[in-house]
Number of protein chains: 2
Amino acid sequence: MAGSGKAAHSHDHQHCIREALTSAERVCAERGARLTPLRKRVLELIWDSHEAIKAYELLESLGALGESTKPPTVYRALEFLLEQGLIHRIESENAYVGCRHPEEAHDYQLLICDGCRHVEEVEVPGVGAALKDQASQLGFRVHQKTVEIHGLCAQCVANPR
Amino acid sequence: MAGSGKAAHSHDHQHCIREALTSAERVCAERGARLTPLRKRVLELIWDSHEAIKAYELLESLGALGESTKPPTVYRALEFLLEQGLIHRIESENAYVGCRHPEEAHDYQLLICDGCRHVEEVEVPGVGAALKDQASQLGFRVHQKTVEIHGLCAQCVANPR
DNA sequence: CGGGGTGTGTTACATTGTAACGAAATACGG
DNA sequence: CCGTATTTCGTTACAATGTAACACACCCCG
């Protein structure tokens with residue numbers, strides 16, 4: 001059923017979900033942040049796959065679960081999850097994906113497959129530092145870095161539609 | 001008048017504009033692409049500053065010039081300019097900015113000031129290649145790279161509001 | 001001058017995101 | 001435990017961003 005055989009990018013996804021939720025609980029507990037049932041449900045829905053998911057898709061899923069179905073509900077939960085570093089926003093897609101390393105701040109880059117929407121979070125050594133250094137040289141104070149690589153993942157290169 | 005003394009990031013901006021337009025003409029001529037009056041006007045409006053400008057701001061400016069004022073007009077012009085590499089889209093802002101090197105494809109990163117909206121296009125050596133290499137190692141075929149750094153430019157760090 | 005392709009005008013709508021306000025739930029000092 | 005402050009949530013209404021579809025104008029070419 002959920003998250004098992006789906007062919008591409010196979011792995012024990014139940015494990016991913018469990019780990020993500022456990023991590024989230026711990027991180028929030030440590031910080032005194034409240035991972036309410038609603039926020040947790042949204043986080044679960046995002047972690048339902050490793051694919052980019054949109055706010056209104058989340059909204060629809062919540063609706064199917066009999067929840068309130070108004071945009072602010074979802075956007076507020078997303079805002080919280082972003083603040084806590086539990087998810088990433090994909091700017092070039094207006095979409096969201098679970099963060100692999102929510103325990104601490106980190107540089108990251110996203111490989112986004114335009115074929116299957118799979119998103120891989122990587123940290124290419126040196127990239128974050130190089131950007132920071134260049135900015136510093138120009139007197140620019142960095143607050144946030146967005147690095148998004150679009151293309152086709154190995155699966156979709158091998159197996160085009 | 002237009003683009004002269006504005007204090008921050010001072011430079012001969014008239015020169016920027018002339019150069020951008022000349023470049024655009026040449027590039028389009030070489031490729032047989034049609035830089036129509038409408039498209040050129042939109043490009044001029046974008047180059048009116050080095051700041052990120054939004055589609056609906058362009059729309060409003062066009063309206064003030066007595067042009068047609070419907071969204072598709074602007075979005076189609078933007079699409080053309082993006083295809084020709086004459087402008088960049090800033091994904092994290094839903095905004096647009098003139099490209100500094102429209103003559104040829106190139107890696108680039110954008111430093112976006114959240115204080116004054118100024119956008120600086122840079123090419124940090126190695127960053128584009130490092131991202132490409134990492135992707136290749138994962139079997140990922142890159143189509144497009146988006147690198148956007150938000151923060152405060154030197155002017156705004158020195159002179160906060 | 002007629003036909004095909006490209007560009008533009010226009011209508012209508014889809015998608016994405018937010019402000020504002022009140023009600024409910026939770027935290028917190030006494 | 002109670003009353004109050006704060007946070008979270010529900011709801012309405014709307015703002016901002018972007019697109020599909022079709023009609024018309026223009027231009028090149030034969």
Side-chain angles (χ1 to χ4, degrees), chain A residues 24-25 28-46 51-84 86-97 112 117 146 148, chain B residues 24-25 28-29 31-46 52-84 86-97 112 117 146 148:
Chain A
E25 305 264 23
C28 288
E30 278 169 10
R31 296 174 191 166
R34 290 166 58 189
L35 188 62
T36 64
L38 175 61
R39 291 164 174 175
K40 189 167 165 182
R41 222 138 43 215
V42 170
L43 184 58
E44 282 169 355
L45 288 170
I46 291 173
E51 298 172 13
I53 187 167
K54 305 206 154 212
Y56 276 70
E57 291 172 345
L58 291 168
L59 201 48
E60 209 173 330
S61 297
L62 281 180
L65 297 174
E67 312 285 331
S68 154
T69 49
K70 311 294 169 48
T73 305
V74 146
Y75 282 104
R76 285 191 289 227
L78 290 171
E79 184 184 17
F80 171 85
L81 296 171
L82 285 168
E83 276 168 4
Q84 298 303 321
L86 299 172
I87 62 173
H88 297 305
R89 175 176 161 86
I90 303 174
E91 300 291 349
S92 55
E93 300 267 272
N94 299 329
Y96 305 84
V97 74
I112 303 152
R117 291 182 96 190
T146 300
E148 301 174 4
Chain B
E25 304 265 23
C28 288
R31 296 174 192 166
R34 291 169 55 190
L35 188 62
T36 63
L38 176 60
R39 290 163 174 176
K40 191 167 165 182
R41 221 138 44 215
V42 171
L43 185 58
E44 283 169 355
L45 288 171
I46 291 173
I53 187 167
K54 304 204 155 213
Y56 276 69
E57 291 173 344
L58 291 168
L59 202 47
E60 210 173 328
S61 297
L62 281 180
L65 298 175
E67 312 285 330
S68 153
T69 48
K70 311 293 169 48
T73 305
V74 146
Y75 281 105
R76 285 191 289 227
L78 290 171
E79 185 184 15
F80 172 86
L81 297 171
L82 285 168
E83 276 168 4
Q84 299 302 321
L86 300 172
I87 61 173
H88 297 305
R89 175 177 162 85
I90 302 174
E91 300 290 350
S92 55
E93 299 268 274
N94 301 327
Y96 305 84
V97 74
I112 303 152
R117 290 181 95 188
T146 298
E148 300 174 5

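Below, chain A is the first sequence line, B the second, and so on; all start at residue 1.
Atom CG in L82(A) sits roughly 11 Å away from atom P in dG17(C) (whole-Å rounding). Note: CG (L78(A)) to C1' (dC9(D)) measures 15 Å, nearest angstrom. Here the P atom of nucleotide dT16(C) and the CG atom of L58(A) are 11 Å apart, to the nearest Å. Rounded to an integer number of Å, the gap from CZ of R41(B) to C1' of dG7(C) is 13 Å. What separates CG of L35(B) from P of dC27(D) is a distance of 16 Å, to the nearest Å. Taking atom CG of residue L38(B) and atom P of nucleotide dT6(C), one finds them 18 Å apart after rounding to whole Å. Separating the OH atom of Y75(A) from the P atom of dA16(D) is a distance of 15 Å, rounded to the nearest angstrom. Put simply, CD on E79(A) is 19 Å from P on dT16(C), counting in whole angstrom units.
Distance OH/Y96(A) to CG/L45(A): 14.5 Å, rounded to 0.5 Å. R117(A) CZ to E51(A) CD: the interatomic distance, rounded to the nearest 0.5 Å, is 7.0 Å.
OP1 or OP2 of dT12(D) lies within a sub-4.0 Å distance of a side-chain N or O belonging to K70(A). An OP1 or OP2 oxygen of dC9(D) is reached within less than 4.0 angstrom by no side-chain nitrogen or oxygen of T73(A). In this model, the phosphate group of dT15(C) is not approached by any side-chain N or O of K54(A) to a distance below 4.0 Å at OP1 or OP2.
Side-chain contact, S92(A) with E148(A): a donor N or O sits under 3.5 Å from an acceptor N or O.
Each of R34(B) and P72(B) has a nearest nucleotide on DNA chain D; the 5'-most of these lies closest to P72(B). Take the nearest nucleotide of DNA chain C for A55(A) and for R39(B): the residue whose nucleotide is more 5' is R39(B).
Side-chain proximity of T36(B) to dG9(C), dT8(D), dG7(C): nearest is dG7(C). Distances were taken from every side-chain heavy atom of N94(A) (C-beta onward) to each of dT12(D), dC9(D), dT16(C); the shortest belongs to dT16(C). Comparing dT18(C), dT12(D), dG9(C) against the side chain of P71(A) picks out dT18(C) as the nearest.
Within the nucleic acid shown, R76(A) comes within 4.0 Å of at least one base atom, counting heavy atoms only.
Proximity of a side-chain donor or acceptor of R39(B) to a complementary backbone N or O of R76(B) within less than 3.5 Å is not detected. Under a 3.5 Å cut-off, the side chain of E93(A) and the backbone N or O of I90(A) do not form any donor-acceptor pair.
In this structure, Y56(B) packs face-to-face on the six-membered ring of dT17(D), meeting both the 5.5 Å centre cutoff and the 30° plane limit.
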